[in-house]
*Asks:* 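Below is the structure I would like to discuss, written out as structure tokens.
Basis for what follows: all heavy atoms, side chains included, without hydrogens, waters or symmetry-related copies.
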Amino acid sequence: MGGTAVPPFYISSIVRYNIVPDKYPDFHVPPSTGGFHLKFLHISDLHIGKSLHGFSLLEDQKYILEEILGIAREHGVDAILVAGDVLDSTRAGEDAFSVYNWFMTQASEFPIYVIPGNHDPAEKLGCCRSLMRDGVHVCGPYCGKAEKHTVEDEYGELNIFLLPYIKTSSVRHFYGDDESISTPEAAFAKTMEASEVDPSARNILVCHQFVVGGGIDLRRSDSEACSIFSWGGADCMSYGVLNDFDYVALGHIHGPQSAGRPEVRYCGSPLKYSESEGPKTATIVEVGEKGHVDIEEVPLVPLRDLICVRGTTDEILAQSDSFGENYVCATVTGDTENAREKLSSRIPNLMHVDYNVDAGRLFDSETAISIEEIRSDDMEGLFSKFYMLMMNSELTESQTEILKEACRRVEEGMQ
């Protein structure tokens, strides 16, 4: 039959919702092959608009999003699941929204399901929901239950539940300050009860909660907006409350990994957003009959990698030709004098320089600052001496002027 080939997921949507997109005028329902699985691309934590050490990552983000769309096409996915933190801030600027709009436009060749994470302005992400075409689903702010979408394949119905990032306090307040909603598990259970999840059906959940369990510590990075209090239990919930779902598409943690069971999965961020992060992947999920889920990780190759190096200034410079256009974060040991200037002259995308100074040298009898000096010296003098001890060099004239202005403002604020 001639015309544009139709992905099976679109066919099921057409059958269920009587949608006849202009771009698929010659669709038909193929006979069952006995082995067809719905295939999803799971991504999260795009953080569009994020900067790292003063470097805008918008170009890198658009590049990796193009790569992700290429993977979706190459693997023939039937839909894309975006598990929150689409934007980096609730105050995202026009340039970030421009890239977001571009991505949503390009990705709309697939059905796409998007939820807001803790970084996202939920109202803004979903403000044009009524104008979006069939197949584009952007979840709005929390409304007491998860948003449900149902599609069909040869195994019957598959429910996709979209849950925006929720806090226990928000759920308790929504339900009239119900005191029984005092834990993340209780808040989630109340929300799922209102969502009427059928455990016997095939169910997928897209959410952005802190899910832990299985006796395995999650691999975390410095870029995740999560305090020690959250990981201590205030915002965490056990993976055991997710048993009604065949697959849980999680966001928030930036390293790809599972929580408790393989089907409760963080796909990770598509780019490195801190020095502590490793290689990135996109997650392909195939859902067959009830209880049958296959997961595949596809490597992502960024426009520019984030490389961390450590050594003396000369040792790092000796490697500089191998860095190319990649971003570099350097930890300098030994003599640190003018290290940044020397490194930046040879490394075009030097993001950050840290210094590892021998602590023993700082506090010997010749260099230690006495209690008497601390008591008698002013703020500017103390900082100048501290800088000398840490950096083994004196403040420049411009740095001294900045310090003077900072001290003046501090003193004015204390009056």
*Asks:* Is there a side-chain contact between Leu242 and Leu205, using heavy atoms and a 4.5 Å cut-off?
*Replies:*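 When only atoms from C-beta onward are counted, Leu205 and Leu242 do touch, with a gap below 4.5 Å.
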
*Asks:* So do Val82 and Ile115 actually touch side chain to side chain, heavy atoms under 4.5 Å?
*Replies:* no

*Asks:* Between Ser258 and Tyr239, is any side-chain donor less than 3.5 angstrom from a side-chain acceptor?
*Replies:* no

*Asks:* Shortest non-hydrogen contact from Leu81 to Ala249?
*Replies:* CD1-CB, 4.1 Å

*Asks:* Measure the CG-SG distance between Asp305 and Cys308 for me, rounded to the nearest 0.5 Å.
*Replies:*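 If I round to the nearest 0.5 Å, the distance is 9.0 Å.
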
*Asks:* With a 4.0 Å cut-off on N to O distance, would you call Arg409 and Glu405 a salt bridge?
*Replies:*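 Answer for the salt bridge query: yes.
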
*Asks:* Considering non-hydrogen atoms only, spot the tightest contact between Arg340 and Val353 and give its length.
*Replies:*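 Residues Arg340 and Val353, closest heavy atoms: NH2-N, 3.3 Å.
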
*Asks:* Can a donor-acceptor pair be found between the side chains of Ser320 and Arg346 at a distance below 3.5 Å?
*Replies:*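 Looking only at side-chain atoms, Arg346 and Ser320 do form a donor-acceptor pair, the distance falling under 3.5 Å.
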
*Asks:* Any donor and acceptor pair, going by atom type alone, linking the side chain of Asn349 with main-chain N or O of Glu325 inside 3.5 Å?
*Replies:*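 At least one qualifying donor-acceptor pair exists.
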
*Asks:* How long is the straight-line distance from CD1 of Ile112 back to CZ of Phe40, given to the nearest 0.5 Å?
*Replies:* 13.0 Å

*Asks:* Donor-acceptor check, side chain of Ser384 to backbone of Glu380, threshold 3.5 angstrom: yes or no?
*Replies:*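 Such a contact is found between Ser384 side chain and Glu380 backbone.
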
*Asks:* Among Ile80, Thr283, Val86, which one satisfies side chain to side chain contact (heavy atoms under 4.5 Å, CB included) with Ile43?
*Replies:* Ile80

*Asks:* Show, in sequence, the C-alpha distance, side-chain angles and deciding distance for Asp120 and Tyr165, and conclude whether the side-chain hydrogen bond (donor to acceptor under 3.5 Å, both in side chains) test is met.
*Replies:* CA-CA 9 Å; Asp120 290 311; Tyr165 174 72; over 6 Å; no

*Asks:* Could you tell me which non-hydrogen atom of Gly135 sits nearest to which non-hydrogen atom of His137, and how far apart they are?
*Replies:*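 Shortest heavy-atom separation between Gly135 and His137 comes out as O-CD2, 3.5 Å.
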
*Asks:* Determine whether His42 and Tyr247 satisfy the following criterion, ring pair (Phe, Tyr, Trp, His ring centres under 6.0 Å), listing intermediate values before the conclusion.
*Replies:* CA-CA 11 Å; His42 170 199; Tyr247 183 77; 5.8 Å; yes

*Asks:* Can you tell me if His53 has over 12 outside heavy atoms packed within less than 6.0 Å of its NE2?
*Replies:* yes

*Asks:* I'd like to know if Glu275 and Lys272 make a salt bridge, using a cut-off of under 4.0 Å between side-chain N and carboxylate O.
*Replies:* no

*Asks:* Going by distance alone, is a donor N or O of one side chain under 3.5 Å from an acceptor N or O of the other, for Lys280 and Ser269?
*Replies:*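 Judged by distance alone, the side chains do pair up.
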
*Asks:* Hey, are His75 and Glu286 close enough side-chain-wise for a donor-acceptor pair under 3.5 Å?
*Replies:* no

*Asks:* Does this structure show an ion pair linking Asp153 with Arg202, if we count only N-O contacts that are shorter than 4.0 Å?
*Replies:* yes

*Asks:* Between Thr312 and Asp314, does any side-chain donor sit less than 3.5 Å from a side-chain acceptor?
*Replies:*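 Distance-only check fails for Thr312 and Asp314.
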
*Asks:* How far apart are the closest heavy atoms of Tyr266 and Phe210, and which atoms are they?
*Replies:* OH-C, 3.8 Å

*Asks:* I'd like to know if Glu185 and Lys190 make a salt bridge, using a cut-off of under 4.0 Å between side-chain N and carboxylate O.
*Replies:*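 Not counted as a salt bridge, because no side-chain N and carboxylate O are separated by less than 4.0 Å.
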
*Asks:* Evaluate the side-chain proximity of Pro116 to Pro164: yes if any heavy-atom separation is below 4.5 Å, no if none is.
*Replies:*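 Yes, their side chains come closer than 4.5 Å.
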
*Asks:* Looking only at atom types and distance, does a side-chain atom of Glu401 sit under 3.5 Å from a main-chain N or O of Ser398, one as donor and one as acceptor?
*Replies:* no

*Asks:* Going by the side chain to side chain contact (heavy atoms under 4.5 Å, CB included) test, name the single residue among Lys167, Met237, Gln209 that passes it with Pro184.
*Replies:*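 Among Lys167, Met237, Gln209, the one that satisfies the side chain to side chain contact (heavy atoms under 4.5 Å, CB included) with Pro184 is Met237.
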
*Asks:* If we only count heavy atoms from C-beta on, is the Thr183 to Thr168 side-chain gap below 4.5 Å?
*Replies:*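 In short, these two side chains do not touch, never coming nearer than 4.5 Å.
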
*Asks:* Salt bridge or not for Arg172 and Asp177, using N-O below 4.0 Å?
*Replies:* no

*Asks:* Do the side chain of Ser89 and the main chain of Arg91 share a donor and acceptor less than 3.5 angstrom apart?
*Replies:* yes

*Asks:* Any donor and acceptor pair, going by atom type alone, linking the side chain of Glu196 with main-chain N or O of Ala194 inside 3.5 Å?
*Replies:*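 No: the side chain of Glu196 does not pair with the backbone of Ala194.
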
*Asks:* For a 4.5 angstrom cut-off between non-hydrogen side-chain atoms, does Leu343 reach Val332?
*Replies:*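 Of all side-chain heavy-atom pairs linking Val332 with Leu343, at least one is under 4.5 Å.
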
*Asks:* Closest approach of Lys290 and Pro199, non-hydrogen atoms and distance?
*Replies:*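 Heavy-atom minimum between the residues: NZ-O, 3.2 Å.
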
*Asks:* Under 3.5 Å, side chain of Tyr175 to main-chain N/O of Gly144, donor-acceptor pair present?
*Replies:* yes

*Asks:* Classify the side-chain pair Asp85/His208 by whether it contains a donor and acceptor separated by less than 3.5 Å.
*Replies:* yes

*Asks:* Is it the case that the side chain of Ser51 and the backbone of Gly54 share a donor-acceptor pair, with hydrogens and angles ignored and the cut-off at 3.5 Å?
*Replies:*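 Between the backbone of Gly54 and the side chain of Ser51 there is no qualifying donor-acceptor contact (under 3.5 Å).
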
*Asks:* Closest approach of Arg265 and Pro262, non-hydrogen atoms and distance?
*Replies:*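 That closest heavy-atom pairing would be CB-O, 3.8 Å.
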
*Asks:* With a 4.0 Å cut-off, would you call Lys145 and Glu193 a salt bridge?
*Replies:*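 Looking at Lys145 and Glu193, the cut-off is not met.
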
*Asks:* Judged by atom type as modelled, is there a donor-acceptor pair below 3.5 Å linking the side chain of Asn101 to the main-chain atoms of Ser98?
*Replies:* no

*Asks:* Show the numbers, then the answer: is there a side-chain contact (heavy atoms from CB on, under 4.5 Å) between Tyr327 and Ile307?
*Replies:* CA-CA 6 Å; Tyr327 296 120; Ile307 299 174; over 6 Å; no

*Asks:* Examine distances only and state if a side-chain atom of Glu296 and a backbone atom of Val285 form a donor-acceptor pair shorter than 3.5 Å.
*Replies:*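 Not at all, since once roles are kept as given, no pair shorter than 3.5 Å links the two residues.
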
*Asks:* For Asn203, does its backbone N or O pair with a side-chain atom of Asp246 as donor and acceptor, under 3.5 Å?
*Replies:* yes

*Asks:* Does atom CD of Glu341 have more than 12 heavy-atom neighbours from other groups under 6.0 Å away?
*Replies:*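 Atom CD in Glu341 is crowded, with more than 12 foreign heavy atoms closer than 6.0 Å.
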
*Asks:* Is it the case that Thr150 and Asn159 place a side-chain donor and acceptor less than 3.5 Å from each other?
*Replies:*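 Judged by distance alone, the side chains do pair up.
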
*Asks:* For the pair Tyr273 and His47, evaluate ring pair (Phe, Tyr, Trp, His ring centres under 6.0 Å) and give the outcome as yes or no after the intermediate values.
*Replies:* CA-CA 9 Å; Tyr273 290 133; His47 288 282; 5.5 Å; yes

*Asks:* Nearest 0.5 angstrom please: Cys139 SG to Glu147 CD, how far?
*Replies:*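 Nearest 0.5 Å value for the SG-CD distance: 4.5 Å.
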
*Asks:* If we only count heavy atoms from C-beta on, is the His119 to Leu87 side-chain gap below 4.5 Å?
*Replies:* no

*Asks:* Which residue in the set Ile284, Ile68, Thr281 passes side chain to side chain contact (heavy atoms under 4.5 Å, CB included) when paired with Val298?
*Replies:* Ile284

*Asks:* So do Phe245 and Val248 actually touch side chain to side chain, heavy atoms under 4.5 Å?
*Replies:* yes

*Asks:* Which is it for Glu66 and Gln106 under the side-chain contact (heavy atoms from CB on, under 4.5 Å) test, yes or no, and what are the steps along the way?
*Replies:* CA-CA 9 Å; Glu66 287 181 327; Gln106 297 299 312; over 6 Å; no

*Asks:* Are Asp354 and Cys329 side-chain neighbours, meaning at least one heavy-atom pair lies under 4.5 Å?
*Replies:* no

*Asks:* OH of Tyr100 to CG of Leu46: how many Å apart, nearest 0.5 Å?
*Replies:*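 Output value for this atom pair is 10.0 Å.
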
